[in-house]
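Proteins get letters first, then strands, A, B, ... in listed order; numbering begins at 1 in each. Computation of the quantities below employed the complete heavy-atom set of this structure, encompassing side-chain atoms and omitting hydrogens, waters and symmetry-equivalent molecules.
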Amino acid sequence: MVGMPSRHARLAVLAAAVAVLWGTPVLAQETVVVRVKLIQGEVPTDPTAPIWNTIPATEFPMSPQVHWPKRILQVTVKSIKVRGVHNTKQIAFLLEYADPTQDPADAAALEFMVGDKKAHFAHGQPMAQVEGGPVNIWYWRNDAPGAADMNAQGFGTLKKQAQQDVQAKGVWKDEKTKVRFKERKLIPRKDAKGESAKDPKTGDPLFDEETKVVEQDATGVWRVVFTRALTTTDPNDAQFQLGTFPNIAFAVWDGKKLESGDLKESGSQKAVTSWWYFNAEPPTNYSIYFYGLIAVVVAAGLEYVIIRKVRKGQPA
Amino acid sequence: MRGSSLAMKGAVLLVAVFVVFKFVAPLVTAPLPMSLIWLYLFLTTVGIVVYGTLSSESTEALLGPIFRFLGGDGLNGVAKFARLAVLVLVPLLVGGQTYSELVPSSQPPAENRTIHPAPPGEFVGLTNPVPNTPENVMMGKGLFAAFCSPCHGPKFNGNGPASDGFNPPPANFVDPGTIAQLQESYLFWRIKKGGVGLNVEGHPWKSAMPRWEVELPDDWIWKIIMAEYAGSGQKPGTWE
């Protein structure tokens, strides 16, 4: 063919075009958002419903609650897997976590902000310079059927709402699983003579820190499903719009009875996270493709008009 | 030739504007949203057209080469292929841009949290009233181990056993970007008033940093501050 450019030149133009089209790199931030998938039909109220196997989970590490008294320094649940589905009317969240024993006082909760004001993740406690709002807490406990739909705005204000809109169901299975968490060790540093090394200035013993992600086998898994309508008539409730990114936080209690008779975890002694996000997938809006196509056609049409005009105007 | 140079200059200017805002600006600030970059490109284009169409001579200088390029007569080699690429790519770009403007975002809105917002006036310029003696530092380290190390870590680096569930994570005092830039007075504010004491730019609703004034007396806090600097090997920032 006459006038065909060299392969290299063509490749260069192509590469430039691809670079432009790919202008905005997509950041891998997936793990901070629970993807609540749109499904057809009823949302599953049963934690063992097969549809959950088709929904990707987002995993969140959990901390022992050390933010306010009464604190706890060690908790059973180190991380939690969260899945979500909705059908544009109802929303369901599935929490899945390893807990070796099934106990009556085992419990889990979800937390959301209510209204437009920001609320602190720790029970909507007051903030000094920002006017905060309340939080809506969905609470499930193994020995109580269903769920409690609750509100708080500050420590000690947690109460059950007059209007209950949340359902929950938990199923514990004696099943094998893996738990992934960060394990930290402080190893006393030894000097050349094999004795414990000391800071020359202060005389403090020196330690080295070893942090690694470990995967441990565990037996016993809780699966808890919370369901509610996306929007309710109760002004105390969090209301959810499709396609937005509301905040969500999690809490879990291992209600195992210790030899002392006390529960291992209860009240403020629990595993927690601070705020993350969820996103209820909006239905595919096909008109977007249509508008994109119209834009292509209009632009191509414009090119055609210009070229015709140019060719006509040129002396033959 | 003067003609081709004006159209060429315009093209080079547009590419330069794109490169600067897309790739150079993020080196010093947060990445600009694509919509803003398109706006700058649009304004630049308007500028070029206005400048180019001031006289009929310059109009020809600006548009002539573009029209001849689009018309395609007498082009060959790379130019011919480039024309084809432009003709195909421009509509696709316009379509893609329209689509991405309309499609709902799959990422949460960027929340630019200010890590070190200004402290309230009463916490500016305070000096540590506790003498910096080995005993006081030692007591501060003990208090730090008891109250702070679960989050900020026994080695002051933010890697505490209770740090994983919190977003933002507990501050790493060994990092030169935290307490080494701050004065003791600022730390006193942060420790006393906690995450909930931050102003709106600091996103107080997300911070797990406790409000220690409800649990620790002031002189303990001052001792902990000395221990934080000693333990992390940092020195307080100074007034410039």
Query raised in the report: With only heavy atoms counted, which part of A:Arg71 is less than 4.5 Å from chain B, the side chain, the backbone, both or neither?
Result: side chain
**Report entry** For A:Lys270, all residues meeting side chain to side chain donor-acceptor pair (under 3.5 Å), sequence neighbours excluded
**Finding:** none
Report task. Determine whether more than 12 heavy atoms belonging to other residues, nucleotides or ligands lie under 6.0 Å from atom CZ of A:Phe155. Result -> yes
Query raised in the report: What part of B:Glu215 lies closer than 4.5 angstrom to a heavy atom of chain A: side chain, backbone, both or neither?
Result: side chain
**Report entry** Part of A:Ala119 lying under 4.5 Å from any heavy atom of chain B
**Finding:** backbone
Query raised in the report: So which part of A:Tyr291 gets closer than 4.5 Å to some heavy atom of chain B, the side chain, the backbone, both or neither?
Result: both
Report task. Determine whether A:Arg35 and B:Ser106 make a side-chain contact, defined as any pair of heavy atoms from C-beta on separated by less than 4.5 Å. Result -> yes
Requested in this report: Step through the shown structure and confirm whether more than 12 heavy atoms of other residues, nucleotides or ligands are within 6.0 Å of NZ on B:Lys192.
Outcome: yes
Report task. Tell me, for A:Pro64 versus chain B, whether the close heavy atoms (under 4.5 Å) come from the side chain, the backbone, both or neither. Result -> both
**Report entry** Centroid-centroid under 6.0 Å between B:Phe123 and B:Tyr186 rings
**Finding:** no
**Report entry** Between B:Ser163, B:Ala230, B:Pro168, the one whose heavy-atom pairs under 4.5 Å with chain A are most numerous
**Finding:** B:Ser163
Report summary line: Whatever's closer than 4.5 Å to a heavy atom in chain A on B:Ser100 counts as neither
Query raised in the report: Tell me, side chain or backbone of B:Val86 under 4.5 Å from chain A's heavy atoms, or both, or neither?
Result: backbone
Report summary line: Of B:Ile37, B:Leu87, B:Thr98, the largest count of non-hydrogen pairs under 4.5 angstrom with chain A goes to B:Leu87
Query raised in the report: Quick one: do A:Arg184 and B:Asp164 make a salt bridge, cutoff under 4.0 Å?
Result: yes
Report summary line: Counting heavy-atom pairs under 4.5 Å with chain A, the top scorer among B:Pro150, B:Gly96, B:Pro161 is B:Pro161
Query - Side chain / backbone / both / neither for A:Glu303 at chain B, heavy atoms under 4.5 Å - result: side chain
Report task. With a 4.5 angstrom heavy-atom cut-off, could you sort out which part of A:Asp199 is near chain B: side chain, backbone, both or neither? Result -> neither
Requested in this report: Determine whether more than 12 heavy atoms belonging to other residues, nucleotides or ligands lie under 6.0 Å from atom CD1 of B:Ile115.
Outcome: no
Query raised in the report: Out of A:Thr273, A:Ile288, A:Asn285, which one racks up the most heavy-atom pairs below 4.5 Å with chain B?
Result: A:Ile288
Report summary line: Checked B:Pro154, B:Pro120, B:Ala208 vs chain A; the most non-hydrogen pairs under 4.5 Å come from B:Ala208
**Report entry** Salt bridge present between B:Arg68 and B:Glu60 (N-O < 4.0 angstrom)
**Finding:** yes
Query raised in the report: Mind checking whether A:Trp275 and A:His120 have ring centres under 6.0 Å apart?
Result: no
Taking distance alone, no hydrogens or angles, what donor-acceptor pairs closer than 3.5 Å link side-chain atoms of residues 194-204 of chain B to residues at least two apart or in another chain?
from, atom 1, to, atom 2, distance (Å)
B:Asn199, OD1, B:Glu201, N, 3.1
B:Asn199, OD1, B:Gly202, N, 3.4
B:His203, ND1, B:Lys206, NZ, 3.3

Requested in this report: Heavy-atom distances under 4.5 Å only: say whether B:Met209 touches chain A with side chain, backbone, both or neither.
Outcome: backbone
Query - Among the listed options B:Asn157, B:Leu75, B:Val214, B:Asn159, the residue most often paired with chain A at heavy-atom distances under 4.5 Å - result: B:Asn159
